[in-house]
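Note that the structure is a prediction, hence the values are computed from the model and not measured. So that the names make sense, note that chain A is the first sequence line, chain B the second, and so on, each numbered from 1.
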Amino acid sequence: MARVDIRLGGSGGQGTITAAAILGYAAVYAGKNAVQTKSYGPEARGGAARGEVVISDEEINYVKVIKSDVLVALTQEACDKFIEDAKEGSVVIVDSMMVKDLPKGNFKLYALPIIKTAAEDIGKSMVANIVTLGVVNEITKLLDYDKLEKGVLSKVPKGTEELNKKALKAGVDLVKNMK
Amino acid sequence: MAYDYAKYLRPGKLPHIWCAGCTYGIVLKSMIRAIDSLNYDKNDVVVTSGIGCCSRLPGYVDFNTLHTTHGRSIAFATGVKVANPKLKVIALGGDGDMTAIGGNHFIHACRRNIDITVFVFNNNIYGMTGAQYSPTTPKGAWATTAPYGMTENNFDITSLAIGAGASFVARTTAYHATHCEKMIKEALEHKGLSVVEIINACPTGFGRKNKFKTPTSMLLWMKDSAVNVEKAKNMSPEELAGKFTIGVLHKEEKPEYLETYDATVGLKK
Amino acid sequence: MAKAERIEINKKWCKGCEICVELCPTNALEMVDFKVAVKDLEKCIACMQCELRCPDFAIVVYKKEKE
Amino acid sequence: MAKKLEFMMGNHAVAEGALYAGCKFYGGYPITPSTEVAERMAERLPKVGGRFIQMEDEIAAMASVIGASLAGVKSLTATSGPGLSLKQENIGYAMLCEIPVVIVDVMRGGPSTGMPTGPSQSDIMQAKWGTHGDHPVIAVTPASVQEQFNETVRAFNLAEKYRCPVYVLTDAIIGQMMEQLEIPEPGELEVIERPKPDCKPEEYLPFDMDKEFVPLAAFGSGYRYHVTGLHHNSDGFPTNDPVLHTKNTVRLIERINKNYDDIMKVEEFMTDDAEVLVFAIGVSARSAKHAVIEARNQGIKAGLLRPLTIWPFPDKHIDNILNKGNVKGIVVPEMNLGQMTLEVQRVAKGRCQVEGLFSLMLDPILPGEIVEKIRRFV
């Protein structure tokens with residue numbers, strides 16, 4: 001697997017950075033290389049928050065995400081801001097409730113009710129980031145599901161394991177049911 | 001039998017660098033007698049100092065000695081003590097060292113109540129650099145950087161130490177050499193941060209220009225101005241005008257920093 | 001009357017500050033060539049003020065053993 | 001046996017590396033973007049029998065680690081540019097008094113308070129010349145989370161071996177990012193313990209100028225000696241003799257220079273036939289490696305020289321490559337305005353062109369920009 005640059009965009013508090021870190025952690029335990037970075041430069045300003053992680057079977061040299069292979073936008077603002085850095089033919093996943101103005105371009109677009117699923121099916125909107133991970137992995141098949149699940153469970157707060165397990169599974173089902 | 005200082009002095013290091021009439025030598029002797037009376041193993045004693053005249057003291061005594069950077073005596077001492085709490089750590093410095101450039105370390109060591117003994121050699125002036133004013137130069141006094149007279153207010157070192165949380169605070173003078181020895185001994189025996197302000201004379205930098213004709217006149221000023229703290233309790237403010245108290249000004253038992261730290265973090269010994 | 005057997009002075013270390021001479025209550029010490037010297041051992045009452053307050057470790061008073 | 005694998009933040013990896021090396025004391029003061037080193041040490045040290053203290057300021061923090069080291073304990077502090085500026089006087093003290101300590105500098109944009117969260121590589125010269133006077137400097141430069149660990153261990157080893165302070169010069173990207181880390185088994189990496197003197201205490205000369213190395217005795221171990229930041233004689237007592245001042249200063253600097261081969265560590269990537277060399281450290285070196293691969297794909301003979309020791313400067317390694325006669329130009333990407341480029345130019349002595357690629361933009365230099373510079377030499 002060549003490097004995959006993943007950008008998870010949302011607003012502050014949605015846990016996109018945590019999700020990126022969990023994905024990186026799970027990838028490392030699955031035997032891959034991963035780098036999760038923070039953002040500092042001029043583009044880091046403004047309201048849209050993002051978690052970024054690069055995953056690869058090869059050595060990761062350049063540490064940051066510039067153009068994304070996978071972009072997730074949980075808000076309209078994040079979508080508008082990050083869409084121009086989505087690679088041609090890349091995967092773009094948006095929250096169908098939050099992103100009304102769907103982006104157009106040469107990429108595979110998935111509009112899915114991620115936040116609604118977290119809030120209504122799982123009962124906690126704060127697990128939207130874990131639902132996101134389920135979605136991303138089901139679409140990209142980056143990691144074996146059980147390895148991802150193991151990664152999630154070892155990084156979430158104690159006592160929330162079942163909740164997060166359900167959230168991850170719900171993300172997978174969102175994609176499966178779409179087919 | 002005369003007291004034998006030699007067993008605590010490093011051979012070949014005397015005469016010391018201090019000026020004729022500088023009282024630091026008197027205090028050095030008091031310090032040696034105090035330590036001797038406690039029967040410490042010389043290998044367990046660490047003396048740190050900063051920069052200035054009194055900070056040359058560690059070079060003369062046969063302990064583990066550390067002459068550090070200006071003002072940092074206590075900060076170095078803190079590292080030594082935290083790394084090896086078994087060591088008896090003495091941090092000394094002058095009034096400038098301890099209350100100007102090193103003031104921050106002074107108050108925070110008091111706040112922590114770490115088991116270090118601090119001696120502040122207060123001679124009211126920066127002696128080594130040639131008589132510039134310090135935080136304890138009395139208002140109106142002459143200094144090379146206060147050629148028209150000192151305009152700043154001065155610190156009361158003992159009040160500063162008490163306010164910052166030191167658990168043992170005493171004042172003594174070089175004139176009261178036996179009392180000085182006693183205060184140093186009590187400070188060393190105290191568990192926690194102890195401070196002894198030792199009033200000293202700088203005849204060269206301070207005395208000559210501030211109406212003290214001889215070193216002895218400065219010692220006699222100490223004799224006349226010092227009032228034992230117990231005696232002072234029965235004296236009126238008028239009687240105490242122009243005087244200062246000597247003795248143990250503050251003493252309390254409270255948890256020592258390293259004991260608290262080790263217990264709190266469950267230090268694996 | 002003298003209570004001191006001898007007073008040792010280390011002239012190499014004495015810096016001539018005169019503290020000992022001026023604090024001596026019996027005028028037993030004096031300055032000679034800017035250094036302390038014993039003027040009259042007989043006058044010494046072994047009060048030890050000079051030794052105690054000599055900053056330079058330059059003066060040592062040996063008391064007479066009690067008779 | 002499977003290695004202990006972690007996905008860890010760079011700053012935490014520094015702390016873990018220090019613990020692996022046997023560090024038992026941390027004295028610090030909080031400063032972005034280095035604070036996670038302190039936080040990790042505060043939590044972990046008591047579990048291994050060590051102690052942590054948050055001092056009242058950066059100066060005190062530096063003083064405390066020197067004091068702890070003199071008490072015989074391996075000691076660490078971590079800071080960033082402004083804090084490093086404050087520490088400088090005491091770092092010079094440790095250099096002159098030959099006291100082993102490890103100082104981590106997580107570089108951020110300066111001068112002054114500058115860019116507190118903004119990564120940079122602009123303390124390269126501060127590490128070299130920040131303290132006054134002539135002095136020896138060792139600085140290691142990790143470029144990955146694994147190297148944050150391994151190079152911290154090496155920094156402790158160098159500090160103990162050469163009796164001097166050693167810098168871990170890293171940056172806010174490497175320090176703050178998360179990456180895989182294999183924690184080595186005990187014994188897997190070399191850990192150098194401080195040698196103890198074997199002479200009689202009365203014969204001990206802690207700063208013996210006629211010897212290259214003298215073991216540093218711990219306070220309390222029976223060797224009572226004097227330490228002063230004044231220039232001193234072999235026995236530790238002050239001297240004003242300019243001959244001795246010269247002799248000892250030269251000795252301390254030469255001790256580092258003479259052991260270049262032991263202290264120096266570089267990664268050479270495709271340098272054998274390289275016509276264009278890229279010289280970079282830390283996060284910039286990762287961009288540079290990406291760029292070199294890209295350039296090779298374009299048919300350009302590019303190579304990377306990546307020092308993991310930046311002080312002393314890798315003069316010999318640059319010389320060796322330039323002596324092959326293939327190199328037409330050197331590109332030096334760095335997140336400052338040319339601190340390393342000048343040094344590379346000094347070593348190149350006009351044998352080839354040297355061009356810097358500077359950025360203060362806080363993000364890593366883009367591989368594409370480096371490729372563009374490489375192409376200019378072809």
Side-chain angles (χ1 to χ4, degrees), chain A residues 1-3 5-8 16-45 49-67 85 87 133 142-143 147-148 150-156, chain D residues 2-11 32-33 36 108-109 115-120 143-146 171-182 267 269 280 282-294 304 306 333 335 359-371:
Chain A
M1 185 186 101
R3 70 181 271 163
D5 289 35
I6 301 159
R7 176 172 284 136
L8 310 178
T16 54
I17 294 170
T18 307
I22 290 173
L23 190 56
Y25 174 84
V28 162
Y29 279 88
K32 297 179 188 302
N33 295 316
V35 183
Q36 185 250 325
T37 53
K38 293 184 179 174
S39 288
Y40 304 97
E43 80 291 346
R45 314 283 167 261
R50 59 176 145 169
E52 291 175 339
V53 60
V54 180
I55 296 171
S56 179
D57 283 330
E58 293 156 19
E59 188 180 2
I60 297 168
N61 290 311
Y62 186 73
V63 296
K64 302 267 297 188
V65 174
I66 304 289
K67 298 273 186 187
D85 287 326
K87 283 185 194 165
L133 287 184
L142 273 172
L143 308 173
K147 292 205 164 122
L148 177 61
K150 221 174 140 191
V152 169
L153 295 185
S154 57
K155 284 291 161 187
V156 296
Chain D
K3 289 211 177 137
K4 204 176 161 202
L5 192 64
E6 303 270 359
F7 186 62
M8 193 181 277
M9 183 191 240
N11 280 344
T32 303
E36 295 84 4
R108 71 190 223 189
M115 289 288 204
T117 58
S120 93
S144 67
V145 171
Q146 187 70 51
D171 62 73
I173 296 171
I174 304 292
Q176 297 279 327
M177 75 185 196
M178 294 180 85
E179 193 172 26
Q180 69 264 28
L181 169 66
E182 279 182 12
E267 182 198 359
F269 179 69
V283 71
S284 299
R286 295 185 67 146
S287 299
K289 198 168 187 179
H290 194 115
V292 165
I293 294 168
E294 179 63 33
L304 171 69
R306 175 172 80 91
M335 291 172 70
S359 171
L360 300 183
M361 292 303 283
L362 312 181
D363 271 336
I365 296 170
L366 288 169
E369 296 176 74
I370 301 171
V371 172

With sequence neighbours left out, which residue pairs that include part of residues 24-35 of chain A fulfil the salt bridge (Lys or Arg N to Asp or Glu O under 4.0 Å) condition? A:K32-A:D57

Cut-off 3.5 Å, side chains only: do A:N33 and D:Q180 have a donor facing an acceptor? yes

Do you know the tightest heavy-atom contact between D:K289 and D:E267? NZ-OE2, 2.8 Å

Residue set satisfying ring-ring contact (aromatic ring centres under 6.0 Å, His included) with A:Y29, at least two apart, ordered chain then number -> A:Y25

Under 4.5 Å from any heavy atom of chain A - which part of D:I365: backbone

Rounding to 0.5 Å, atoms CE (D:M8) and CD (D:E179) come to a distance of 12.5 Å

At a 4.5 Å cut-off on heavy atoms, which part of A:V35 comes close to chain D: side chain, backbone, both, or neither? both

D:M9 versus chain A, heavy atoms under 4.5 Å apart: side chain, backbone, both or neither? side chain

Contacting moiety of A:I60, where chain D heavy atoms sit under 4.5 Å: both

Per-residue tally against chain D (heavy atom, under 4.5 Å) across A:T37, A:V63, A:V53, A:I66 peaks at A:V63

Engaged part of D:V145 at the chain A interface, taking heavy atoms whose separation is under 4.5 Å: neither

